[in-house]
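These notes are about the structure you will find just below.
This is a predicted model, so every value here is computed, not measured.
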Amino acid sequence: MAVPRKKVSPMKKGQRRSHHAIANPTYVEDKDSGELRRPHHIDLKTGKYRGRQILEPKADV
């Protein structure tokens, strides 16, 4: 069984874990409505995806 020769230093441990940080989600501006939405997701307000009507638009409450 493999056994580490030395203790991993805090710096090396931090370098390994540097990509574990939580990134903020990406949003893009919708071309038609100007609303912010997630990329590759349906705009729930208008019901469109890539210029095509997929869902019925939400009624204003």
Side-chain angles (χ1 to χ4, degrees):
M1 186 170 135
V3 178
R5 282 179 161 251
K6 295 180 182 177
K7 178 181 177 180
V8 177
S9 70
M11 183 181 74
K12 285 292 183 184
K13 181 172 61 174
Q15 287 175 351
R16 184 179 69 243
R17 294 178 179 175
S18 65
H19 67 282
H20 291 189
I22 298 172
N24 289 336
T26 308
Y27 288 95
V28 295
E29 186 176 339
D30 192 42
K31 293 178 184 177
D32 298 329
S33 64
E35 299 274 333
L36 292 179
R37 62 170 178 81
R38 299 292 307 271
H40 306 285
H41 284 68
I42 297 173
D43 185 13
L44 294 177
K45 195 168 191 178
T46 61
K48 289 188 176 183
Y49 179 71
R50 297 183 68 186
R52 295 187 337 209
Q53 192 70 37
I54 304 296
L55 300 174
E56 304 235 352
K58 277 192 172 179
D60 291 334
V61 176

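Using a cut-off of 4.0 Å between Lys/Arg side-chain N and Asp/Glu carboxylate O, R37 and D43 are scored as not salt-bridged.
Between E29 and G34, the shortest heavy-atom contact is CG-O, 3.5 Å. Scanning both residues, G47 and I42, for their nearest heavy atoms gives C-CG2, 4.0 Å.
Residues satisfying the side chain to side chain contact (heavy atoms under 4.5 Å, CB included) test with L44, not counting sequence neighbours, are L55.
Within 6.0 Å of atom CZ in R50, 12 or fewer heavy atoms from other residues, nucleotides or ligands are found, so the atom counts as exposed in its surroundings. Taking a 6.0 Å sphere around NE2 of H40, one finds it holds 12 or fewer heavy atoms contributed by other residues, nucleotides or ligands. Around the CD atom of E56, the shell of radius 6.0 Å holds no more than 12 heavy atoms that belong to other residues, nucleotides or ligands.
Atoms CD1 and OG1, from I54 and T46 in turn, are 10.5 Å apart once rounded to the nearest 0.5 Å.
Checking side-chain atoms of H41 against main-chain N and O of P39 turns up a donor-acceptor pair under 3.5 Å.
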Going by atom type alone, with no hydrogens or angles, which donor-acceptor pairs under 3.5 Å involve a side-chain atom of residues 1-15 and a protein atom two or more places apart or on another chain?
residue: S9; atom: OG; partner: K12; partner atom: N; Å: 3.3

